[in-house]
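Working notes, structure below.
Since this is a predicted model, take the numbers as computed values, not measurements. Order of appearance sets the numbers: ligands from 1, and atoms from 1 within every ligand.
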Amino acid sequence: MTHPWWKTSVVYQIYPRSFMDSNGDGMGDLDGIISKLDYLALLGIDVIWLSPVFQSPMDDNGYDISDYDDIAPQFGTLADMDRLIAEAEVRGIKIIMDLVVNHSSDEHPWFESARQSKDSPYRDFYIWRDAQPDGSLPSDIRSYFGGPAWSFNPATNDYYFHQFSTKQPDLNWENPAVPEAVYSMMNRWLDRGIAGFRMDVIDLIGKDVDNKVLANGPTLHAHLKAMHQATLKGRDALTVGETWSVTPQTAKLYSAPERQELSMVFQFEHIELTFDPVHGKWKPREFDLVALKQVFAKWQTELADNAWNSLFWNNHDLPRAVSKYGDDGPYRVASAKALATVLHGMQGTPYVYQGEEIGMTNVAFKAIGDYQDIETRNLFAERLAQGESPDELMKAIHKNSRDNARTPMQWDAGDNAGFSAGKPWLQVNPNYPDINVAASLKDLDSVFYHYQGLIQLRKTNRTLIDGHFTLLLADHPQVFAYVRETNEETLLVVGNLSTHSLNVPLPETLSLESAQLLVCSGTSRSQLTSTLELAPYDAFIASLT
Ligand code: TEU
């Protein structure tokens, strides 16, 4: 069975402002990324997902775009972008860019015109509503970044809609001129040589604001079908939608091939297991492995055969996996490897977030002033004003602030972790002298080489791509184990995601006598026994037939 190239690929996400600074201004840039392509080629990744590098006032670190056709000077120029595409291609690496079209920046010329006059030709590129008769806001919809989702515009004496910051006005996709402008921009970038898009909050573009249907709205799939016809059809592109609202059922609507919409989506059910039902990630709950396994098993089973999973622990919005799901203390290396093993053994396209491959951890800045993320700072101010304890808020921020993922990449033990010759835009994690790429490359037992092995296995083992997933030991509170089966081979994947030493009986149905270990971390083992002795964070992938 031939697969699209992205089914056998591993994607590496780069958050450009934190990856590598080539000119000492404290911000990562495109030249910095180019200087690290050989490192990424050594890791073995196939695709780079580049978080936005477009012109932006950087209110939300580039997820507020003021010119979709030009590169922000902090990151470089269009010529630099062309060079990155070319240099990556030389190394067999494709580039997908971040499509942020649920909203633009309020400094985009479209919005600057629209806010000046109701007669602007761009007026209906955005969503405007008058105050209610009693003078109150058009509705009680709240922004993800705190406060109302409506901001007053004096020049036209009405309100514009924004689900994120006040500087990120939602685009009105019901105005045909909006998708038309987006599709022609997408085609310009595809013609420039990128291989596809990660689509920011794409589940929000079909919204019905007046009836408060914001995600998975009535016109969403019509737009995605039209987008596919207008831009992706006939191109061998990878598209992945960021869809916080998705369920296995709706995920098939996005990614079943016959639907001709997207290649896959990011689902967040496994992430939201630790979110409080009312307060979300700001009242975090401890993660429960049994529940986590059930979620993964459900997605593996539901999307098998007719859609496709993405596989990830973290990204630029999420805390570091080893801190959230593993142990960023004595078992940091072992737990980072175990988490990678149980994720990469599943069916889907794995996404590695910058620094995950060397076991980078969360950070715990002392003061809210040390945090840069708009979501974190707005949350702190809003909840403090509501009387919440600053200490409790800082504890939640240490666990789940997006800045946990955004501290500069740790390249070596030199100044600023080798990230910049200038003052980094965000403080470097103080553990960089011990946790950095240079140290990892010198240590054959490092997290880096474990990721390299997993990525290499994906290129050579078809069962990893096609094998049917069956969860084992579903109720075991510390062990994540499953098999992947085809007619030709059975893979057994096991991870002890705890600090406990365990004796774990394997199902008698498994034939272990000819087991061959393909990837192994922790206790080395030459054979498998029906009762596994697992040290803390032992993990392996074995071929049983
Ligand atoms: O994120 C969407 C989003 O909803 C998350 O930011 C979420 O609010 C939070 O991080 C998880 O609790 C996307 C981008 O990934 C994010 O960086 C942007 O800030 C946001 O959209 C607006 O473009």
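Annotation: cation-pi geometry not satisfied between R129 and W150 (NZ/CZ under 6.0 angstrom from ring centroid, within 45° of ring axis).
The nearest heavy-atom contact from the protein to atom 9 (C) of ligand 1 is E375 OE2, 3.2 Å. Nearest protein heavy-atom neighbour of atom 1 (O) of ligand 1: E242 OE2, 3.1 Å. R402 CD, 3.3 Å is the protein heavy atom nearest to atom 10 (O) of ligand 1.
Ligand 1 has no atom lying under 4.0 Å from any heavy atom of F268. Residue contacts with ligand 1: R406 is included, with a non-hydrogen atom under 4.0 Å away.
The contact set between ligand 1 and V201, taken as ligand atoms under 4.0 Å from a residue heavy atom, comprises 2 (C), 21 (O). Counting the atoms of ligand 1 from 1 in the order shown, those under 4.0 Å from a heavy atom of H103 are 22 (C), 23 (O).
The CG atom of L379 sits 10.5 Å away from the CG atom of L384 when rounded to the nearest 0.5 Å.
For atom 13 (C) of ligand 1, the candidate residues are D200, I374, L204; the nearest heavy-atom contact is made by D200.
At most 12 heavy atoms of other shown residues, nucleotides or ligands fall within 6.0 angstrom of atom OH in Y122.
Checked against the 6.0 Å centroid threshold, W411 and F419 do not count as a close aromatic pair. Residues Y12 and W49 place their aromatic rings such that the two centres sit no closer than 6.0 Å.
Comment: D64 does not engage K167 in a salt bridge, judged by the lack of any side-chain N to carboxylate O separation of less than 4.0 angstrom.
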